[in-house]
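Here's the structure, in structure tokens; my notes come after.
Numbering of residues begins at 1 and proceeds along the displayed sequence. One-based numbering, in listed order, for ligands and for the atoms of each. This one's a predicted model, so the numbers in the text were calculated from it and none came from an experiment.
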Amino acid sequence: MLHDVFILLGVTGSIAAYKSAELVRLLRKAGARVQVLMTPDATRFVPPLTLGTLAESEVLTTVFPENEAGSWTKHITLGLSADLLVIAPATAQTIAKLAHGFCDSMLTATALAARCPVMVCPAMDHDMYEHPATRRNLEILRGYGYTIIEPEHGALASGLVGKGRLPEPVHILEAIQAFLHPEKPLVGEHLLLTAGPTREAIDPVRYISNHSTGTMGYALARTARDWGAEVTLVTGPVALPRPAGMRVVEVTSAEEMNQAVQAHLPVATFMVAAAAVADYAPATVSVQKIKKKDEDLHLALRKTPDILYNAGLKKQPDQILVGFALETNDAETHAERKLLRKNLDFIVVNDLSIPGAGFGTDTNQVVILGRDGCRHELPLADKQSIAAGVLRFLVPFLGRR
Ligand code: C5P
């Protein structure tokens with residue numbers, strides 16, 4: 001199934017490097033041509049002779065040729081001729097280097113020069129994987145358009161149990177096949193997506209906002225893009241890298257988000273409102289910084305526009321509108337009311353009382369309710385998988401138009 005495909009396989013210094021021998025064998029069996037690039041530390045776990053023999057090509061570790069007369073531009077040419085660069089296992093160290101453009105080995109230099117897509121399969125101890133530095137670096141890589149294959153949960157080489165295991169080689173092979181021969185179920189669709197929080201100014205230095213990080217909305221935007229949709233992302237202020245391959249409209253307040261949505265709604269075939277919009281904003285914005293006084297300060301608040309409600313008023317018959325409901329109690333009853341009031345087709349219910357769901361976590365657990373009374377539950381998973389689950393659920397309804 002991978003005939004005529006040229007794969008660069010990057011192997012880094014994790015104990016999971018032993019699995020790369022099996023991966024090379026499976027890739028070759030599927031018909032791919034494989035060039036292995038090892039970081040110097042990877043060679044301490046697996047001899048290059050093993051991977052080179054299985055790949056039937058000499059393993060490369062350094063950009064400098066063995067003999068002085070050799071060519072030294074291989075890191076450029078490899079990345080031009082390959083169909084895919086897969087890094088499995090990818091250590092925290094290599095992920096950090098890729099995120100920040102370091103190129104101190106054949107693998108990292110090739111990655112920096114590569115024009116082919118890059119797939120990264122992290123493998124490390126649970127705490128290293130969960131460290132904010134690693135999480136952030138992986139977000140940066142996603143922003144570059146790299147595909148991240150989530151590690152699995154289970155026993156780790158350290159003796160601890162947690163998330164960080166490299167998936168079995170056969171699963172990595174499946175991910176490679178799905179990537180190279182992808183489904184594009186959203187071709188011809190135009191998604192208008194709101195994401196992140198809004199900020200409502202009190203004075204030139206202060207604002208009212210909420211804890212939304214934009215993670216769920218950005219995951220939806222990237223997946224829709226990868227599935228072939230044209231995407232317009234209207235985003236409040238977030239710390240995430242700007243995703244490539246879509247129109248990004250940056251806004252600050254609910255009023256600005258409302259205007260951007262109104263402007264882009266007519267061309268959208270479906271809209272997903274994942275933004276956590278502030279419901280109230282200061283009635284007046286002080287031009288000067290409000291001075292601290294001895295007595296309490298009372299702020300008068302006015303209601304912000306309900307962006308999704310307004311979109312529901314203007315909805316064309318063939319448009320699909322999807323809202324999110326973040327609830328702390330009686331989640332589905334409240335969400336159902338919103339679904340009807342805002343003239344939505346579907347609402348994705350986040351129940352904050354469920355551990356691992358909602359703001360500031362990497363995971364989520366949601367239920368999708370439909371106007372026709374349907375109910376579809378997605379189990380607890382990382383937000384990227386939840387995004388895929390929500391979009392996969394919507395595909396047949398979009399196709400029906
Ligand atoms: O009414 P509530 O805020 O709970 O509804 C949540 C849904 O409505 C979300 O999809 C959110 O993005 C959207 N919303 C909006 N404008 C607002 C408030 C919420 O678009 N002012």
task = Starting from atom 21 (N) of ligand 1, locate the nearest protein heavy atom and write down its residue, its atom name and how far away it is, to 0.1 Å.
result = P305 O, 2.8 Å

request  = Using heavy-atom distances, let me know which of I347, N258, L308 sits nearest atom 13 (C) of ligand 1.
outcome  = L308

task = Under 4.0 Å from a heavy atom of K338: give me the atoms of ligand 1 that qualify, with their elements.
result = 1 (O), 2 (P), 4 (O), 5 (O)

remark   = heavy-atom search around atom 12 (O) of ligand 1 in the protein gives A275 O, 2.7 Å

task = Give, for atom CG of L240 and atom CZ of R222, the distance between the pair rounded to the nearest 0.5 Å.
result = 7.5 Å

key: Protein heavy atom at shortest distance from atom 16 (N) of ligand 1   = I307 N, 3.0 Å

Numbering as shown, the atoms of ligand 1 that approach A273 to under 4.0 Å (heavy-atom distance) = 9 (C), 10 (O), 12 (O)

message = Salt bridge check, E139 against R142: does any charged N sit closer than 4.0 Å to a carboxylate O?
response = yes

note = Residue, atom and distance of the protein heavy atom nearest atom 9 (C) of ligand 1 read F324 O, 3.0 Å

ask   = Which protein non-hydrogen atom lies closest to atom 1 (O) of ligand 1, naming both residue and atom, and how far is it?
value = K342 NZ, 2.9 Å

remark   = Of all protein heavy atoms, the one nearest atom 18 (C) of ligand 1 is D279 OD1, 3.6 Å

query = Any side-chain donor paired with an acceptor under 3.5 Å for H334 and N329?
reply = no

task = Run the salt-bridge test on E250 and R199 with the 4.0 Å N-O cut-off and return the result as yes or no.
result = no

request  = Compute the shortest N/O to N/O distance between R341 and ligand 1 and return yes if it is under 3.5 Å, no if not.
outcome  = no

inquiry  = Check this for me, if you would: do R25 and E22 make a salt bridge, where the nitrogen-to-carboxylate-oxygen distance has to be below 4.0 angstrom?
reply    = yes

ask   = Does an N or O anywhere in G323 fall below 3.5 Å from an N or O of ligand 1?
value = no

query = Looking only at distance, does A274 have an N or O less than 3.5 Å from an N or O of ligand 1?
reply = no

message = Does either side chain, that of K314 or that of Q319, offer a donor lying less than 3.5 Å from an acceptor on the other one?
response = no

task = If the plane angle is over 60° it's perpendicular, under 30° parallel, otherwise tilted; pick one for F397 and F393.
result = tilted

task = Check for a donor-acceptor pair, side chain of T53 on one end and backbone N or O of L49 on the other, with a separation under 3.5 Å.
result = yes

